[in-house]
Structure formats: structure tokens, C-alpha cells
Q: 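One structure, pasted below without further comment.
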Amino acid sequence: MSREQVVVEQTRRAFQTGRSRPLNFRIQQLKKLQSFLQERQKDIVDAQKKDLSKNKYVTELFEMLILEAELKLAISRLAEWAAPRPVEKNLLTLTDEVYIWPEPLGVVLIIGPWNYPWCLTLLPLVGAIAAGNAAIIKPSEISLNSSKVMEEHLPQYLDKDLYPVVAGGVPETQELLKHKFDHIFYTGSTTVGKLVMEAAARHLTPVTLELGGKSPCYIDKNCDIATACRRITWGKFLNCGQTCIAPDYILCESVIQSRVLEEIKKCIKEFYTDNPKASDDYGCIINQRHFKRIVSLMEGSTVAFGGDVDESQRYIGPTVLKGVTGESRVMEEEIFGPLLPIITVDGVEDAIQFINNREKPLVLYVFSHDTKLIKRMIAGTSSGAVLANDCISHFVDSALPFGGVGYSGMGRYRGRHSFDQLSNLRSCLIKQLNLEVVNSMRYPPHTGRRLAW
Ligand code: NAD
């Protein structure tokens, strides 16, 4: 029996004891998760520095604070989320009890990515615990140092049998995927997402797939270009472009292309100095494979700014590409790195057509003062989310369900949406055994009866 099989069976047995269900237990575990994040903060920050050259401030701002807010929300709202939800009654159910009761699904498998290994692995865990499930946590082996901290320390805080951490890479994940779960929550690439869904289908296991894709960013020529470019530069080069919701490419009219380029250059220098390689605020590419992949994406495009690389440090400077078309190498796959192509289009309708000719993205970004234009883009396209006049910040709002559509994923999470996603929203109808007379018309024999409708 493999180690993974042992863990899956042990977790299922722990779930069957029923101890993950009481609300006070769920809250206690969520509070322990809070203690873990507070007490192990230094280990987490150090691991992120080693894996991705992320500084302390970035780790705290983009991982810890979001997790802390999610935990506080779940703890304060759990009773409300878990309560039976009465539904509207009709003539037939007037005297009955009719409600939706969220019950735990069972054992959830969480497969995390490496780019924000804490937030994107533990946010689904908050939802799983809040919904009363057991969960097996499989952190990404690529962010090895974070994975080690999680494997070593998390079991000291959480119920070890209900929430085990299984570290490992592809073979371990594939072994886990052979087994039956009640839900699989996967965050990562579309390619692996398909494999996860295939494995899940063998057991009819429902999946949440948080995938990637090429998120477009349209800049209207009549907007405040300086502010737009400042926000885009931040969203793109944060974590060296290794953010699933980073703007992948810019679409704008050719009349503003050089202005956009100048403003982005200015912002890169302001944020990361003239020498981003030496900047504490600019990270590195996670590994050699991704480094080589990103460098090869520049082929065939003109480097308008940056383009400097150093393989020994897995460094790729903030880079802007021009002369890019829909057929360029850089448009063949999600960049997931610090390259920002600018593609020129003939206005908003042309941009909509360009977007609709490709797979549905995780986010559509649009910068404009014109609300009508923004609404036109929303109506004319499809994506997991739309964010107008900013980048990234929709992820912070847990009232908005986060997720993709089509190739960018399926299922939604954050806050109450995580709770619902990882619950069985069970329909409950409690009738009485009296008033049998109202049922008389349904019983046979029906011969000779007529319905008046
Ligand atoms: P990945 O898909 O290669 O890895 C993610 C996880 O899958 C890891 O735990 C890994 O062990 C496992 N895995 C990898 N190959 C596997 C295989 N053949 N069989 C079974 N399991 C396997 O992740 P990546 O490509 O390095 O991550 C980048 C991608 O993730 C980007 O496309 C990015 O957009 C996406 N992403 C999406 C979100 C989101 O919230 N939508 C967040 C972060 C990253």
C-alpha cells in the first residue's frame, strides 16, 4: 500500500468519526490556522525569499494579510453560513419545513501552486475546514521551501488526521489522484488541470479548477494613461509576472502606443530603479524550466524595453515587447513571466473581436473613463472576472466569487463562495403525515380524471 493510499484512508476514517462537523470544532481549527500563520511567520517569509526572492513586505501583503482576512471572515460568519437556509414556499409546501442545509462533502484534495504557495493552498483549506470537511493538502514541490515549512509545521497546529500535508511532486500527485475524493480543488496550469479532471471523472468527483490563461488589458485612448500604466506595471511585474491574474498583454490603438510604452518605462524605473536586478522589490523566475520557456517567448518580437536576462540568477528584467501580433510566439501561451507585449487594435470593437477569437481568460482588464465603453466590453466578451481601471485588486474582495470560465477554469471560491463550493447544498423538505386529503389527486386510478389548467 502506497504512503498516499495510507493517508487517504486515514483521512477518510477521521472524517467518518464526525469530529470535523461541529461548528465549535471548525472554529477552533480555523483559529489554530491563525496561530500557525502568526507563530511561523518568520519561517514562511524565509521560505518565500529562498523560493522566489520575495521580500518580507510582499509576502505579508499578498499572502498573510489576505489569509488573515479570510480566516477572520470565516470565523465571524460561520454560524450564518452553516445555518439552514429557508426557501420560498408554494401552495404544496405551505405547511411544511423547506430549506437548504449545507452539509460537508467529505474528504477534499487540495493541490496547490508555487507562485503564491501560502495563499493559494491555504485559502481553499479555510473553505474546506469551515464547511466541515477533512482535507489532504498537497503543496507544490516547485516552491520547495514553502512546502517543507507546511509539511513540518502545519500538523503541529491542525488535527493531523483530518488535515494531513502530503509533500511531493508529479508521481505523488498522480498516486493521490488514483483515489476517491469528495472534491478536488486544483490550482495550476490548464494542461495539468485536464489531467486532474480526467482522474476525478473516474470516481465522479467534482472539481474546482483554478487555472491560468492570457488575461487581456485594453487601454482606451481617452483615459488617464499615466495612472493606467502605473497600475498595469504594478500588476504585471509583481512577483516577476508569475501571477495567474497578471495582465498578460496590452491592447490599445496605435496612436497611444508610444505614450503607453513611455509611461510603463517610467513606472518600471520608479518601482525597481534603473537596475531591477539589484532591487529588493523585484524577484526571480521560479526555476530553469520556466526561465528558458519565458526567454523563448521573446523570439520574433521587438524588445522595446528591458530584455536583459541572467540564467545563473534566473533573472529576466521587466520587459516590454512591441511589433507583436496575434500570431507572435509570445501569444501562443500564457506568459507567466515579466514580458509585457503591446498589440495595436483599431478601437474597442476590434479589441473585443481579438479577445473573442481566443480562449476565455481568467480576467479582462479595461482602462477607461467611459463607463459605456467598459459595459460594452463586459457585454461583448466572456472571462472569469472583469476589473476596470485597476489590476489584481478584485482578488482581495472575498465578496466576489473568484474563478475562471472555459480554459481558465471552473468553480468559484473565496469567503462564503468557498464555503458553498465545498458544501453539499442539500435540499430538505419535511412534510407532515396528516392532511392526506391534499394528495388524493395524485394516486391512481386516474381513469376518468381531468386536470383543469
Ligand atoms: P502546475 O500545474 O505544473 O503544478 C501545480 C500542481 O500540480 C503541483 O502541485 C504539481 O505537483 C502538480 N502536477 C504537476 N504536473 C502534474 C502531473 N502531470 N500530474 C499530476 N499532478 C501534477 O503549475 P504551474 O504550471 O507551474 O503553475 C502555473 C500555472 O498555474 C499558470 O498557468 C497559472 O496561471 C496557474 N495558476 C492559476 C491560479 C488561479 O488561481 N487561477 C493561481 C496560480 C497559478
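Each ligand, and each atom within it, is numbered from 1 in the order the structure gives. One-based numbering along the sequence shown.
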Q: To which protein heavy atom is atom 39 (C) of ligand 1 closest, and what is the distance rounded to 0.1 Å?
A: C244 SG, 3.3 Å
Q: Applying a 4.0 Å heavy-atom criterion (strictly less than), which segment of T191 is in contact with ligand 1: side chain, backbone, both, or neither?
A: neither
Q: Judged by non-hydrogen atoms, does S140 sit under 4.0 Å from ligand 1?
A: yes
Q: Using a strict cut-off of 4.0 Å, indicate which atoms of ligand 1 neighbour a heavy atom of H290.
A: 26 (O)
Q: Is the closest basic N to carboxylate O distance between E39 and K42 below 4.0 Å?
A: no
Q: Taking only non-hydrogen atoms of Y116, do any sit less than 4.0 angstrom from ligand 1?
A: no
Q: Check this for me - ligand 1, W114, N or O atoms closer than 3.5 angstrom, yes or no?
A: yes
Q: Answer with side chain, backbone, both or neither: which part of E172 has a heavy atom less than 4.0 angstrom from an atom of ligand 1?
A: neither
Q: Give me the ring orientation class for W118 and F36: parallel if the planes are under 30° apart, tilted from 30 to 60°, perpendicular past 60°.
A: tilted
Q: Looking only at protein heavy atoms, identify the closest one to atom 9 (O) of ligand 1 and say how far it is in Å.
A: K138 NZ, 2.9 Å
Q: What is the closest protein heavy atom to atom 7 (O) of ligand 1, and at what distance does it sit?
A: Y186 CE1, 3.4 Å
Q: Does the pair R293 and H290 meet the rule for a side-chain hydrogen bond (donor to acceptor under 3.5 Å, both in side chains), with working shown?
A: CA-CA 5 Å; R293 183 187 61 77; H290 278 288; 3.2 Å; yes
Q: Quick check on G112 - does any of its heavy atoms sit under 4.0 Å from an atom of ligand 1?
A: yes
Q: Can you check whether F185 and Y413 have ring centres sitting under 6.0 Å from each other?
A: yes
Q: Which option out of L177, I245, V192 puts a heavy atom nearest to atom 22 (C) of ligand 1?
A: V192
Q: Are F336 and W114 near enough that their ring centres are under 6.0 Å apart?
A: yes
Q: Just jot down the ligand 1 atoms closer than 4.0 angstrom to any heavy atom of F402, in number order.
A: 40 (O)
Q: Which part of N115 is near ligand 1, with near meaning a heavy atom under 4.0 Å away: side chain, backbone, both or neither?
A: side chain
Q: If we check side chain to side chain contact (heavy atoms under 4.5 Å, CB included) with V196, which of these qualifies: L109, T173, T208, I184?
A: I184
Q: Can you check whether Y249 and F354 have ring centres sitting under 6.0 Å from each other?
A: yes
Q: Within ligand 1, which atoms have a heavy atom of L120 less than 4.0 Å away?
A: 42 (C), 43 (C)
Q: What residue and heavy atom of the protein are closest to atom 28 (C) of ligand 1, and at what distance?
A: F336 CE2, 3.4 Å
Q: Any ion pair linking E270 and R230 (charged N to carboxylate O, less than 4.0 Å)?
A: yes
Q: Nearest heavy atom to atom 29 (C) of ligand 1 wins, so pick from G169, S189, A246.
A: S189
Q: Among the heavy atoms of Q242, does any lie under 4.0 Å from an atom of ligand 1?
A: no
Q: Under a 4.0 angstrom heavy-atom cut-off, which atoms of ligand 1 come close to E141?
A: 8 (C), 9 (O), 10 (C), 11 (O)
Q: Taking C-beta and beyond as the side chain, do F62 and Y116 meet within less than 4.5 Å on heavy atoms?
A: yes
Q: Near I111, which atoms of ligand 1 are under 4.0 Å from a heavy atom of that residue?
A: 6 (C), 7 (O), 9 (O)
Q: Using distance alone, with no hydrogens and no angle criterion, decide if D182 and N133 have a side-chain donor and acceptor under 3.5 Å apart.
A: no
Q: Starting from atom 30 (O) of ligand 1, what is the nearest protein heavy atom, named by residue and atom, and what distance separates them?
A: G188 C, 2.9 Å
Q: Where is the nearest protein heavy atom to atom 32 (O) of ligand 1: which residue, which atom, and how far?
A: E334 OE1, 2.6 Å
Q: Hey, is ligand 1 close enough to G213 that some N/O pair sits below 3.5 Å?
A: no
Q: Pull out every atom of ligand 1 sitting under 4.0 Å from any heavy atom of L362, numbered as shown with elements.
A: 41 (N)
Q: Report, in ascending order of atom number, the atoms of ligand 1 lying under 4.0 Å from any heavy atom of G212.
A: 32 (O), 34 (O)
Q: Would you find more than 12 non-hydrogen atoms of other residues, nucleotides or ligands less than 6.0 Å from R19 atom CZ?
A: yes
Q: Is L211 touching ligand 1 with its side chain, its backbone, both, or neither, if touching means heavy atoms under 4.0 Å apart?
A: backbone
Q: Determine, stepwise, if the pair K266 / E263 fulfils salt bridge (Lys or Arg N to Asp or Glu O under 4.0 Å).
A: CA-CA 5 Å; K266 225 196 284 176; E263 291 296 340; 3.5 Å; yes
Q: Evaluate the side-chain proximity of I137 to P164: yes if any heavy-atom separation is below 4.5 Å, no if none is.
A: no
Q: Check the surroundings of atom NZ in K322: do more than 12 heavy atoms from other residues, nucleotides or ligands lie under 6.0 Å from it?
A: no
Q: For the pair E175 and K178, find out whether any cationic side-chain nitrogen is under 4.0 Å from an anionic carboxylate oxygen.
A: yes
Q: Under 6.0 Å between ring centres, would you say that holds for F395 and F402?
A: yes
Q: So which protein heavy atom does atom 21 (N) of ligand 1 come closest to, and at what separation?
A: T173 CG2, 3.2 Å
Q: Mark up the atoms of ligand 1 that fall under 4.0 Å of a heavy atom belonging to V170, in ascending order.
A: 14 (C), 15 (N), 16 (C), 17 (C), 18 (N), 19 (N)
